[in-house]
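For reference, the structure is listed below as structure tokens.
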Protein chains: 2
Amino acid sequence: MLDLNRLKALHAVHVYGSVGAAAEALMVTPSAVSQQIAKLERETGARLIERNGRGVRLTDAAGLLAEHAERILALVETAEADFEALRGEVVGRLNVAAFPTAARGLMPPALAELRERHPDLWMQLYEREPERMLREVARGELDLVVVQDWLNRPMAIPEGLSRKTLIDDIADVAVPLDHPLAGNKEIQLSALRDERWIASSPGTICHDWLVFTLRSAEIEPEIAYMADEYPTHLALVAAGLGCSIVPRLGRDPVPDNVRLIPLRPRQTRRIYALWRTDAARRPAIRATVEALGRASALQENAWASEPELQVS
Amino acid sequence: MLDLNRLKALHAVHVYGSVGAAAEALMVTPSAVSQQIAKLERETGARLIERNGRGVRLTDAAGLLAEHAERILALVETAEADFEALRGEVVGRLNVAAFPTAARGLMPPALAELRERHPDLWMQLYEREPERMLREVARGELDLVVVQDWLNRPMAIPEGLSRKTLIDDIADVAVPLDHPLAGNKEIQLSALRDERWIASSPGTICHDWLVFTLRSAEIEPEIAYMADEYPTHLALVAAGLGCSIVPRLGRDPVPDNVRLIPLRPRQTRRIYALWRTDAARRPAIRATVEALGRASALQENAWASEPELQVS
DNA sequence: ATTCTCATGCATATATTTTCCATCGCTACA
DNA sequence: TGTAGCGATGGAAAATATATGCATGAGAAT
């Protein structure tokens, strides 16, 4: 492949008209330039330069090559300039993941904001369960993940990861409209001892949250139905087949004959953004964490302003 | 100014995904690649590469630089091609590849002719399976490849490649001399329903051709033996262990007690030369394509003049 | 715990490039 | 016509750069 330094020498001779002038421009001796071009001739097998009186003249082939060299060198300079401009900016590609409700409730506004403010940032969003996210972010397969834990049973954060608390998600109880407690403004967990429950599949956080919340009131839930999609949960609740515990984050619109009632005391899970500490050098990571923080604050304000969700 | 070799190293890591693979592609040790990039980091003052598990990952800055490098390297290549085109001479080095039977049947006469006519052309011939060739020619690792497909299931040609049809290779069936059909002048596929077959390894085109041809007659072949070398196939046929479908191209001399009988209707695969359209500026490429065309025509004439290979 | 794979750093060998200097060819001018 | 001046080139040595082999260390797979 053509060598850039030789091309540079040839180009300089083309531009400055003599070996000596080219050498001066390149800050080397004429001999160096002469030898570079001689090597280029040997490598390509073509005559490039011929003596012309006291000076030299480029052949047609050399002229062509010099013009190409001009474009190539210009491109290299462009690359340098772009590179400089890049440093410290929010660009590149980010692989982010969140568990399902956060992916629906938190990511879309954050992604929209980032898209708006940083058009050169490419984000790819995945939906994942927490353990897998943890593994993948630690390995660098994902750049940033949104995970959750329960306040009284915090998750172990692997070495080398940083986190930022985004929001405390709140659990409400979904009951059929004809349920005895459906008129309540709030419900205590202990009042739910004899209900039948609708849960997600074991191994999902939604399942775990249900079981964990009830166990914290020493209730071993009787799980009557399992369904992974929340709209299915709510349809089952609407049909009077049981109750469900439903997080607020990413919650779909609720059917008319289902009531969502705040628990007392509040049952919350804390939601975090997690990323490799090293990777935080990337402005893109920092910008995304901040955008998630803003999206979370907006969400919390929205909840605070809905009176029927308040717990006295 | 950015150094081309360092950019090449960085680009290779970007494309091949690891320092080791990049090193292999550049034909140097991983250490060399690692050090080139380290120097680039020192020169630019930016982090370019970070360890990621067992491997590495490029930073955003490095990704940007690698993309620029891609353009720069492409421009250099264009310059080379233009340069050669200007000289109008068939010179330089060409990396060509073909699948095994074409490498034996088509390339040798073409290469001999080229060597004779263009002593300054250096050709390196590789034997490859088609998918890999396709990838490599698109990337510029190979300059010209010979691939094949079946007439009724044409191959997808990537953007930016040109092709020329060389020849339609014909399949014959090899049977032992004492086989009931050995006396036939031609054989219909349907007559081969209950044969046992000798095939190449799965994943080779020879294997695929056997299976594809028989399936086209709705025969699911019972593969009794697998061997990659055709002489071995023929020895197995000679021993009465089964039949085989053998392309004419690159066919070795056949043992006495094996009969090769044309299929009716003809089973053919079409063989193409493929090259990057940009690179066709090089007279060397054009000359090689033409030489392959002549070699193919010769081969077709040879087949046409052997009476025992005709199908009525 | 071990065994692999992969990247990297160091010391060393090798290759390349530059400089210095001598030489040669051409031009200008005496 | 001779000769001084200018400019390019080539060889040898020095400076620089680059690649290799090997050792090390980190992470992953078993």
Side-chain angles (χ1 to χ4, degrees), chain A residues 1-44 46-59 62 66 131-132 134-143 158-161 276-279, chain B residues 1-44 46-59 62 66:
Chain A
M1 171 162 275
L2 290 170
D3 182 276
L4 197 60
N5 291 312
R6 312 213 207 290
L7 285 182
K8 232 188 287 188
L10 186 68
H11 179 244
V13 173
H14 185 233
V15 171
Y16 296 101
S18 79
V19 174
E24 195 186 349
L26 297 175
M27 320 251 276
V28 294
T29 59
S31 180
V33 171
S34 173
Q35 295 183 60
Q36 285 299 311
I37 294 175
K39 276 182 191 149
L40 190 55
E41 286 186 326
R42 251 170 283 142
E43 284 164 3
T44 60
R47 238 197 135 75
L48 296 174
I49 213 171
E50 7 190 70
R51 302 212 53 150
N52 178 29
R54 273 200 290 213
V56 292
R57 193 184 43 192
L58 296 190
T59 62
E131 320 83 59
R132 184 170 168 196
L134 225 55
R135 227 181 29 240
E136 294 188 336
V137 72
R139 279 193 188 163
E141 290 162 36
L142 293 171
D143 298 300
E159 188 81 4
L161 295 186
R276 276 170 301 115
T277 307
D278 296 346
Chain B
M1 171 163 279
L2 290 171
D3 181 275
L4 197 59
N5 291 311
R6 311 213 206 290
L7 284 183
K8 235 190 281 190
L10 185 69
H11 177 245
V13 173
H14 184 234
V15 170
Y16 296 100
S18 79
V19 173
E24 196 186 350
L26 299 174
M27 317 252 275
V28 295
T29 58
S31 182
V33 171
S34 176
Q35 295 184 57
Q36 285 299 310
I37 293 176
K39 278 182 192 149
L40 191 54
E41 285 188 327
R42 252 170 281 144
E43 286 164 2
T44 61
R47 243 194 125 88
L48 296 174
I49 214 172
E50 22 190 58
R51 299 211 56 147
N52 177 27
R54 262 196 304 209
V56 292
R57 66 133 105 236
L58 298 188
T59 62

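Every chain is numbered from 1 and lettered A, B, ... according to where its sequence line falls, protein lines coming before strand lines.
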Problem set entry | For DNA chain D, the residues among residues 16-31 of chain B that have a non-hydrogen atom under 4.0 Å from it | Val28(B), Thr29(B), Ser31(B)
Exercise. Does a side-chain N-to-carboxylate-O contact under 4.0 Å join Glu136(A) and Arg132(A)?
Worked result: yes
Exercise. Step by step, would you call Glu50(A) with Thr59(A) a side chain to side chain contact (heavy atoms under 4.5 Å, CB included)?
Worked result: CA-CA 7 Å; Glu50(A) 7 190 70; Thr59(A) 62; 3.9 Å; yes
For this session: Looking at every strand, decide which applies to Arg135(A) at a 4.0 Å heavy-atom threshold: base, sugar-phosphate, or nothing.
Result: nothing
For this session: Could you check how far CG of Leu48(A) sits from C1' of dA8(D), rounded to whole Å?
Result: 16 Å
Exercise. For dT17(C), does OP1 or OP2 lie under 4.0 Å from any side-chain N or O of Lys39(A)?
Worked result: yes
Exercise. Is Tyr16(B) atom OH crowded by more than 12 heavy atoms from other residues, nucleotides or ligands, each under 6.0 Å away?
Worked result: yes
For this session: List the atom of Leu58(B), the atom of His14(B), and the distance in Å for their closest heavy-atom pair.
Result: CD1-CB, 3.4 Å
Exercise. Can you check the Arg42(A) CZ to dT9(D) C1' distance for me, whole Å?
Worked result: 12 Å
Problem set entry | Nearest-nucleotide 5' precedence on DNA chain D, Asp3(B) against Arg139(A) | Asp3(B)
Problem set entry | Leu58(A) CG - dA8(D) P separation (whole Å) | 12 Å
For this session: Mark yes when over 12 heavy atoms from residues, nucleotides or ligands other than Glu24(A) sit less than 6.0 Å from its CD; otherwise mark no.
Result: no
Exercise. For the pair made of CG in Leu4(A) and C1' in dT16(C), what is the distance, rounded to whole Å?
Worked result: 16 Å
Seminar exercise, completed: Double-helix bend of the helix from dA1(C)-dT30(D) to dA30(C)-dT1(D), axes at both ends from 5 pairs, round to 10°, gives 20°
For this session: Give the intermediate values and the outcome of side chain to side chain contact (heavy atoms under 4.5 Å, CB included) for residues Leu40(A) and Leu2(A).
Result: CA-CA 8 Å; Leu40(A) 190 55; Leu2(A) 290 170; 4.1 Å; yes
For this session: Quickly work out the Gln36(A) CD to dA15(C) C1' distance and round it to whole Å.
Result: 13 Å
Exercise. Taking the side chain of Arg54(A) as heavy atoms from C-beta outward, which of dT27(C), dT9(D), dT18(C) is closest to it?
Worked result: dT27(C)
For this session: Give a yes or no on whether a salt bridge exists between Asp143(A) and Arg276(A), defined as a side-chain N under 4.0 angstrom from a carboxylate O.
Result: yes
Exercise. Charged N to carboxylate O under 4.0 angstrom, Glu141(A) versus Arg135(A)?
Worked result: no
Exercise. So, do Val33(A) and Leu10(A) sit near enough that their side-chain heavy atoms are less than 4.5 Å apart?
Worked result: no
Exercise. Under 4.0 angstrom, heavy atoms only, what part of the nucleic acid is Arg57(B) near: base, sugar-phosphate, or nothing?
Worked result: nothing
Exercise. CD of Gln35(B) versus P of dC22(D): gap in Å, rounded?
Worked result: 16 Å
Exercise. Rounded to whole angstroms, how far apart are CZ on Arg51(B) and P on dT5(C)?
Worked result: 15 Å
Exercise. In whole angstroms, how far is the C1' atom of dA7(C) from the CZ atom of Arg47(B)?
Worked result: 13 Å
